[in-house]
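Each chain gets a letter, A, B and so on, in the order its sequence line appears, and its residues count up from 1. Keep in mind the model is a prediction, meaning the values are calculated, not measured.
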2 protein chains.
Amino acid sequence: MENSIKIVNYLLQHGIRPSIQRMAVMGYLMNHQNHPTVDVIYAALSPQIRTLSKTTVYNALNLFYEHGAVATLDIDEKGTHYDANCEIHGHFKCLQCGDIFDLFNLPNLPFDTIEADGFKVSECHICYKGYCPACAKIETESSNHK
Amino acid sequence: MENSIKIVNYLLQHGIRPSIQRMAVMGYLMNHQNHPTVDVIYAALSPQIRTLSKTTVYNALNLFYEHGAVATLDIDEKGTHYDANCEIHGHFKCLQCGDIFDLFNLPNLPFDTIEADGFKVSECHICYKGYCPACAKIETESSNHK
DNA sequence: TTCCAATTTGTAATTATTACAATTTTATTT
DNA sequence: AAATAAAATTGTAATAATTACAAATTGGAA
Ligand SMILES: [Mn+2]
Ligand SMILES: [Mn+2]
Ligand SMILES: [Zn+2]
Ligand SMILES: [Zn+2]
């Protein structure tokens with residue numbers, strides 16, 4: 001299928017040897033914008049690949065990160081979230097439902113002013129927290145009820 | 001002493017009843033700009049308050065956070081970091097030495113455009129990663145040596 | 001003082017992640 | 001193709017951060 005060829009190429013371009021398990025993990029990330037954790041990925045793939053080990057998911061994701069094939073989001077204490085989109089973009093984490101939203105269209109933060117101070121920047125994370133539109137709506141409705 | 005009065009007032013202003021332990025934790029945060037973890041705070045205070053429990057440090061910091069008296073930094077998987085400075089400002093985490101630096105003078109990110117989309121923003125985190133000036137210097141020197 | 005609620009403490013439980021050795025798969029050499 | 005070596009996967013055990021919880025302590029109100 002066309003899709004798996006795309007995954008193989010993406011891995012090879014990042015110097016990662018493709019395996020059944022690595023392709024499954026990367027494929028999940030590329031087809032889901034939900035910034036999943038290891039547990040979410042493992043739960044989704046385990047029924048397909050019945051012998052899959054959670055350690056393999058950890059191994060794959062750590063390898064992907066070292067090769068710049070995925071971005072990591074340390075957005076809460078409940079475990080690392082992963083993102084196949086490595087372009088710099090912002091995120092919004094809803095404190096109510098826990099969903100993580102992408103924020104494009106944010107102004108770019110400067111690298112040059114920081115590097116002028118001697119820092120060598122390799123990542124830039126922008127993250128808001130609060131209530132997502134759906135949860136904010138429920139919030140205001142239930143407070144109207146009072 | 002003048003210092004402890006400042007701490008008591010800060011806690012009271014945030015609706016937090018001051019106790020020996022809470023004052024010690026908040027005092028440590030106010031006198032150290034290093035964004036410490038629970039373990040760091042506990043290790044620093046334990047010799048002074050010999051009966052201090054690590055659970056109490058967790059309890060205090062969680063309470064502070066709920067009352068808006070401290071900011072939390074989920075900047076890596078190695079545990080939550082705490083900051084007595086609740087003003088919005090950026091951070092830089094060195095991937096070599098692990099130090100976390102404050103970044104003031106960053107351009108303010110927009111709240112209004114995000115809230116126009118229905119999000120209710122309560123926190124905004126900006127975090128760079130890479131090598132700090134000291135570690136970047138060592139890096140370039142050792143590569144010159146080759 | 002007596003009583004009650006808040007706080008602290010120690011330990012046990014939970015969860016995320018890594019360490020590691022054994023097995024399986026894949027690539028290389030003969 | 002068979003033998004061999006290297007890489008990847010797996011299962012389990014160890015580590016580390018955090019929370020749950022009940023007992024003990026503290027501090028203020030009656
Ligand atoms: Mn994203
Ligand atoms: Mn700071
Ligand atoms: Zn939500
Ligand atoms: Zn450094």
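- Phosphate contact (OP1/OP2 of D/dT10, side-chain N/O of A/Thr51, threshold under 4.0 Å): present.
- Of the two residues contacting DNA chain D, namely B/Lys54 and A/Arg22, the nearest-nucleotide position lying further toward the 5' end is that of A/Arg22.
- Between B/Asn59 and C/dT8, a side-chain N or O to OP1/OP2 separation shorter than 4.0 Å is absent.
- Taking the six-membered ring where the residue is Trp, the centroids of A/Tyr82 and A/Phe64 are separated by 6.0 Å or more.
- Between A/Arg50 atom CZ and D/dT9 atom C1' there is a gap of 16 Å when expressed in whole angstrom units.
- By the 30° and 60° cut-offs, the orientation of the rings of A/His32 relative to A/Tyr28 is parallel.
- Side-chain polar atoms of A/Asp74 and A/His81 form no donor-acceptor pair below 3.5 angstrom.
- Computed from coordinates, the B/Arg17 CZ to D/dA29 C1' distance equals 12 Å when rounded to whole Å.
- In this structure, B/Tyr58 places its OH atom 12 Å from P of D/dA16, rounding to the nearest Å.
- Comparing C/dT18, D/dT18, D/dA17 by their nearest atom to the side chain of A/Asn62 picks out C/dT18.
- If you take CD of B/Glu77 and P of C/dT18, they are 7 Å apart, rounded to a whole angstrom.
- As a whole-Å value, the separation of B/Leu61 CG from D/dT18 P is 10 Å.
- The residue among B/Ala60 and B/Lys78 whose nearest nucleotide of DNA chain C lies closer to the 5′ end is B/Ala60.
- Taking every side-chain heavy atom of A/Thr80 into account, C/dT17 is the closest of C/dT17, D/dT18, C/dA16.
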* To do: Would you check, one step at a time, whether the test side-chain contact (heavy atoms from CB on, under 4.5 Å) holds for B/Ile126 with A/Leu109?
  => CA-CA 9 Å; B/Ile126 303 169; A/Leu109 283 173; 3.4 Å; yes
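- Rounded to an integer number of Å, the gap from CG of A/Asp39 to P of C/dT14 is 15 Å.
- OP1 and OP2 of C/dA6 both lie 4.0 Å or more from every side-chain N or O belonging to B/Ser19.
- Residue side chain B/Thr55 reaches the base of C/dT11 through a donor-acceptor N/O pair under 3.5 Å, judged by distance alone.
- With D/dG11, C/dT8, C/dT18 as the choices, the nucleotide that has an atom nearest any side-chain atom of B/Thr56 turns out to be C/dT8.
- No side-chain N or O of B/His35 forms a donor-acceptor pair with one of B/Asp99 less than 3.5 Å apart.
- Separating the OH atom of B/Tyr42 from the P atom of D/dA16 is a distance of 16 Å, rounded to the nearest angstrom.
- Rounding to whole angstrom units, CG of residue B/Leu45 and C1' of C/dT9 are separated by 16 Å.
- The phosphate of C/dT9 (OP1 or OP2) has a side-chain N or O of B/Gln21 nearer than 4.0 angstrom.
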